[in-house]
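One structure is given here, and the rest of the page talks about it.
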2 protein chains.
Amino acid sequence: MPRLVAERADALPALGELFREFGFEGTSLSMITVATGLGKGSLYHFFPGGKEEMAAAVLAEIDAWFATHVFEPLRRDPDAAAGIGRMFQAVDAYFRGGGRVCLVGVFSLGDTRERFATTLRTYFAVWGAALTDALSRAGWNPTAAADFAEEILAGIQGALVLSRALDEPAVFSRMLARLRQRAIG
Amino acid sequence: MPRLVAERADALPALGELFREFGFEGTSLSMITVATGLGKGSLYHFFPGGKEEMAAAVLAEIDAWFATHVFEPLRRDPDAAAGIGRMFQAVDAYFRGGGRVCLVGVFSLGDTRERFATTLRTYFAVWGAALTDALSRAGWNPTAAADFAEEILAGIQGALVLSRALDEPAVFSRMLARLRQRAIG
DNA sequence: GTCTATAAAGCGATAGAC
DNA sequence: GTCTATCGCTTTATAGAC
């Protein structure tokens, strides 16, 4: 029977869900030991920097996932509209139709913002730039593209907040459909 | 020289800023004693239920403020477009042009969501209903009005997240201007 | 009403045996 | 690499003097 957590990377999904659900302060080491099945000794073996290093590792993994599944299609797909379509598809899958919040958003609103300032800022800045580029290639004029990219990113984050508050994931799905329609018809 | 905190309500502004900035878990009683100038004895005199009662009191105050300055104009202003205009003005002032986050949003994303579930849900539900009504009276067809109201609320929340992450309040101002333009021209 | 002192529990982190 | 035991500190909350 294979071990559930054989290396550092195996613990990241559980860590991500905890930080998403309870925030940085709200996630305690005892919760982490339960969720990962790892003792404190093992945790500090994998993450010598403790909780902060765990959160940084989760953020790095998220960054890598979005770089592959969102930013790259936006920049590299020769058919710009198709790249934008893939973005909406990936975003819907990642946030599970509104049932999962955005850790970057959660950390941006909390007192974790200063601790991870560069990572948080870069995530949205890179996404915004890639989306602006794709919209431009899809026919939007540069100014309108930058404006609409900002509106799409904010719409996604806001819909996640609303879905959570109303306990109604459909809010997120509707927002994604609206934005997609306006972007690529 | 007047006392800064003579009664329970006088402590709410400081409590609000703390919860907004650090979240529920991230705000400790020692931070609260410093920010309010009140000892623990006084705090538990005003709020026997401790931190949870403090947070609930802050949420209630926010609810009341929005009821007066946002929901009522939306519902009561005979000129629906003017009521919507007043909403945007009040929202911009309340969130200080993007320099201040929304406590309801912060609590909705965190583990505080379940604790204050009814309050958080009601805040957005009531706002959404009042805005839908105003948009309908302003000439939007009912379906489009409900859809757009949802989009406006999400846009506001998302723009606050983005402004915070990018440390760029202008993102919020731009979003408000765009939404206002689409709503009432 | 306000304070200080203190209780009881949980926190992040470390040490050291295995 | 994983565990248990423990350190030192902070947490929320209470008690009781004033």
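Owing to the predicted nature of the structure, the values given are computational and were not obtained by experimental measurement. Residue numbers start from 1 in every chain, and the chains themselves are labelled A, B, ... in the order their sequence lines are given, proteins ahead of strands.
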Counting side-chain heavy atoms from CB outward, which of D:dT12, C:dC11, D:dT2 is closest to A:Phe46?
-> D:dT2

Rounded to the Å, how far apart are B:His45 NE2 and D:dA15 P?
-> 16 Å

According to a 4.5 Å side-chain heavy-atom criterion applied to Ile, Leu, Val, Met, Phe, Trp and Tyr, with indirect links allowed, do A:Trp65 and A:Val58 form part of one hydrophobic cluster?
-> yes

Side-chain atoms of A:Tyr44 come closest, of D:dT11, D:dA13, C:dA13, to C:dA13

Distance in angstrom units between B:Leu38 CG and D:dA13 P, rounded | 16 Å

Take atom CD of B:Glu53 and atom P of D:dT12, then tell me their distance rounded to the nearest Å.
-> 15 Å

So, the side chain of B:Ser163 versus the backbone of B:Phe172: is there a donor-acceptor pair under 3.5 Å, distance only?
-> yes

Between C:dC11 atom P and A:Leu43 atom CG, what is the distance in whole Å?
-> 14 Å

Looking at every strand, decide which applies to B:Lys51 at a 4.0 Å heavy-atom threshold: base, sugar-phosphate, or nothing.
-> sugar-phosphate

Integer-rounded Å distance: C:dG12 C1' and A:Met31 CE = 14 Å

Taking B:Lys40 for the side chain and B:Thr33 for the main chain, is one N or O donor matched with an acceptor at less than 3.5 Å?
-> no

A:Arg121 side chain to B:Leu166 backbone, donor-acceptor under 3.5 Å = yes

Between A:Glu25 and B:Gly41, which has a closest nucleotide on DNA chain C that is more 5'?
-> B:Gly41

In whole angstrom, give the distance that lies between atom CZ of B:Phe47 and atom C1' of D:dA13.
-> 16 Å

Ignoring the backbone of A:Leu29, work out which of D:dA13, C:dC11, C:dA13 is nearest its side chain.
-> C:dA13

B:Ile32 CD1 to C:dC3 P, in whole Å, measures 15 Å

Measure the distance from NZ on A:Lys40 to P on D:dC7 and round it to the nearest whole Å.
-> 13 Å

Presence of B:Ser30 side-chain N/O under 4.0 Å of D:dT10 phosphate oxygens OP1/OP2 | no

Residue-phosphate contact under 4.0 Å: A:Ser42 side-chain N/O, D:dC3 OP1/OP2 = yes

Choose from C:dG12, D:dT11, D:dA13 the nucleotide whose nearest atom is closest to any side-chain atom of B:Ser28.
-> D:dT11

Counting only N and O atoms by type, is there a donor-acceptor contact under 3.5 Å from the side chain of B:Asp10 to the main-chain atoms of B:Glu7?
-> yes

At under 4.0 Å between heavy atoms, what does B:Thr33 touch on the DNA or RNA strands: base, sugar-phosphate, or nothing?
-> nothing

